[in-house]
There are 2 protein chains.
Amino acid sequence: MTPTPSAIDADLHPVRRTPITRADLLDAALRLIGPHRSVSSLSLREVAREAGIAPNSFYRQFRDVDELAVALIDVAGQSLRKIVGAARHRAEAEHGVVRGSVEAFIEQVRADDKLLHVLLREGTVGSDAFKRAVDRELGFFEDELHHDLVRFAKLRNRPMAEPALAAKAITRLAFAMGATALDLPPERDAELVDQLTTMVRMILVGAQAMPK
Amino acid sequence: MTPTPSAIDADLHPVRRTPITRADLLDAALRLIGPHRSVSSLSLREVAREAGIAPNSFYRQFRDVDELAVALIDVAGQSLRKIVGAARHRAEAEHGVVRGSVEAFIEQVRADDKLLHVLLREGTVGSDAFKRAVDRELGFFEDELHHDLVRFAKLRNRPMAEPALAAKAITRLAFAMGATALDLPPERDAELVDQLTTMVRMILVGAQAMPK
DNA sequence: TGTACATCAGTGAACGCGCGTTCACTGATGTAC
DNA sequence: TGTACATCAGTGAACGCGCGTTCACTGATGTAC
């Protein structure tokens with residue numbers, strides 16, 4: 001049997017198999033992350049193993065695991081922006097703006113749980129670069145929310161004291177509650193949605209009632 | 001020079017020096033913890049080294065580092081209860097209840113920073129036992145706050161919708177903001193106090209304004 | 001079209017290290033007689 | 001008060017392991033002539 005090099009059996013050759021990409025490594029890392037495995041606990045060899053490459057090949061893509069962790073935040077950020085989009089879309093549909101947004105948020109947490117682990121529960125541990133990257137993403141979320149709050153306040157002619165602060169409070173609260181959702185069985189999502197909805201309403205009502 | 005065993009030079013003997021305690025190991029662990037070292041990253045050998053004992057002596061006090069981590073939560077919990085006490089005391093003094101409590105909280109975060117690292121920023125990572133222990137302490141905080149809210153509502157005759165939920169929201173918010181305080185230079189504490197105070201007021205005002 | 005060569009994504013082997021854990025030990029202290 | 005002995009908090013040495021990192025390598029692909 002003469003080996004005929006071709007795209008089909010390319011991966012049988014000991015060398016130069018399908019080239020590995022950064023995305024492959026990010027995927028491998030995400031596969032390893034779960035309720036009991038945090039990003040900071042991943043080892044280079046472990047990720048390489050999961051991706052099916054030799055440990056040293058890792059260096060072709062990242063300087064070290066920490067650089068991968070930071071890159072992971074970007075992916076998580078995209079998922080987060082999907083959340084914001086979904087929430088805004090949902091908000092403009094029938095039921096209450098707040099409830100719709102909260103529902104979209106929690107649903108997205110469920111759907112992309114691996115990714116959101118990274119943002120929701122690991123933002124306080126890890127390297128400085130990692131923390132800064134997480135903070136940046138949270139800031140985006142906060143800004144979008146702030147913008148929305150101002151828009152709604154004008155639209156409904158219900159001015160609000162310190163909308164930026166209200167946005168920050170809601171963001172932190174949503175993330176804290178979202179983090180606990182990751183450990184909760186999905187059947188308690190409804191309860192969580194109820195709680196978070198009420199909490200957010202408290203903040204909004206309070207901000208509207210406070211001296212401007 | 002004949003060695004004369006006594007309490008004074010007891011630690012010169014190779015064996016049976018001043019006995020190590022669990023508290024000694026907890027202290028050693030706390031000394032290692034900081035903005036760049038998390039509880040979960042501590043190794044048994046590292047803690048033993050810091051405490052000045054042989055690695056295997058560690059096992060006389062704890063089954064493993066995880067058990068130490070859980071024990072650490074108890075110590076942190078005591079610090080937390082000091083916070084609550086201080087806040088309540090401060091609250092009953094001159095300036096606003098909310099502002100006084102928030103100030104006490106942030107000050108305590110500064111004073112016991114090592115301990116509160118554990119509760120504020122590592123509650124979401126770590127073993128199940130660790131997470132459960134942190135949750136328990138947060139629950140205590142929440143319950144005390146709930147109780148206080150109800151008391152104040154009656155006292156001032158300003159009833160509040162869902163005080164338990166308001167307590168939960170305030171707790172989560174305070175912890176989230178407290179966690180960011182750990183990374184902030186102390187000169188920005190005043191700003192943080194202002195922000196958190198306003199946020200908490202939003203929740204309280206909102207809870208009072210909402211249909212009971 | 002064919003040949004020579006540079007490039008570079010992958011490789012396996014090896015390194016030194018810190019780790020958790022085990023083992024058989026030592027000798028000061030407390031207790032029984 | 002002395003003596004014999006059990007207890008048990010500490011010890012040093014050793015183990016096997018997975019880790020990050022380095023090294024010189026290989027051989028398929030792309031390019032120049």
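Within every chain, numbering begins at 1; the chains are lettered A, B, ... in the order of the sequence lines, protein sequences first and strands thereafter. For the numbers below, each heavy atom of this structure counts, side chains included, while hydrogens, waters and symmetry mates do not. The structure presented is a predicted model; accordingly, all values stated were derived computationally and were not measured.
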Picking from D/dG20, D/dG10, C/dT11, the nucleotide nearest the side-chain atoms of A/Ile53 would be C/dT11
Between CG of A/Asp64 and P of D/dT21 the distance, given in whole Å, is 6 Å
Does a side-chain N or O from A/Arg49 land closer than 4.0 Å to OP1 or OP2 of D/dC19, or not? yes
When rounded to whole Å, the CD1 to C1' distance for the pair A/Ile20 and C/dC8 reads 16 Å
Looking only at D/dG10, C/dT11, D/dT21, the nucleotide nearest the A/Ser57 side chain is C/dT11
Any strand, both distances under 3.5 Å, Watson-Crick or G-U wobble: C/dA32 pairs with D/dT3
- [ ] Would you please say whether a donor-acceptor pair under 3.5 Å links the side chains of B/Asp194 and B/Thr197?
- [x] no
Check: Within less than 4.0 Å of OP1 or OP2 of C/dC8, is there a side-chain N or O belonging to A/Gln61?
Finding: no
query = So, is A/Ser43 near the phosphate of D/dC19, with a side-chain N or O under 4.0 Å from OP1 or OP2?
reply = yes
Taken to the nearest whole Å, OH/B/Tyr59 to P/C/dC19 is 12 Å
Taking a pair to mean Watson-Crick or G-U wobble geometry with both distances below 3.5 Å, C/dG27 pairs with D/dC8
With the side chain defined as heavy atoms from C-beta on, B/Pro19 is closest, among C/dG20, D/dA9, C/dG10, to D/dA9
message: So, OP1 or OP2 of D/dT7: does either fall under 4.0 Å of a side-chain N or O from B/Arg60?
response: no
Here the distance between atom P of C/dG20 and atom CG of B/Leu68, to the nearest Å, is 12 Å
Should A/Arg110 and A/Glu107 count as an ion pair when the cut-off is N to O under 4.0 Å?
no
key: Carboxylate-amine/guanidinium contact A/Glu46 A/Arg37, below 4.0 Å   = yes
A/Asp24 CG to C/dA9 P, in whole Å, measures 14 Å
Between B/Leu25 and B/Ala51, the two heavy atoms sitting closest are CD2-CB, 3.7 Å
Re D/dC15: Watson-Crick or G-U wobble partner, both distances kept under 3.5 Å, found to be C/dG20
The residue, B/Pro55 or A/Leu42, whose nearest nucleotide of DNA chain D is more 5′ is B/Pro55
In whole angstroms, the gap separating P of C/dT21 from CG of B/Asp66 amounts to 11 Å
Review point. Reckon A/Phe58 touches a base, only the sugar-phosphate, or nothing at all at heavy-atom distances under 4.0 Å?
Key: nothing
Here the distance between atom C1' of C/dG18 and atom CD of B/Glu46, to the nearest Å, is 10 Å
Closest heavy-atom pair, B/Thr171 versus B/Leu138, reported as atoms and distance to 0.1 Å, is CG2-O, 4.2 Å
Sorted by position of nearest nucleotide on DNA chain C, 5' first, the leading residue of B/Arg45 and A/Ala54 is A/Ala54
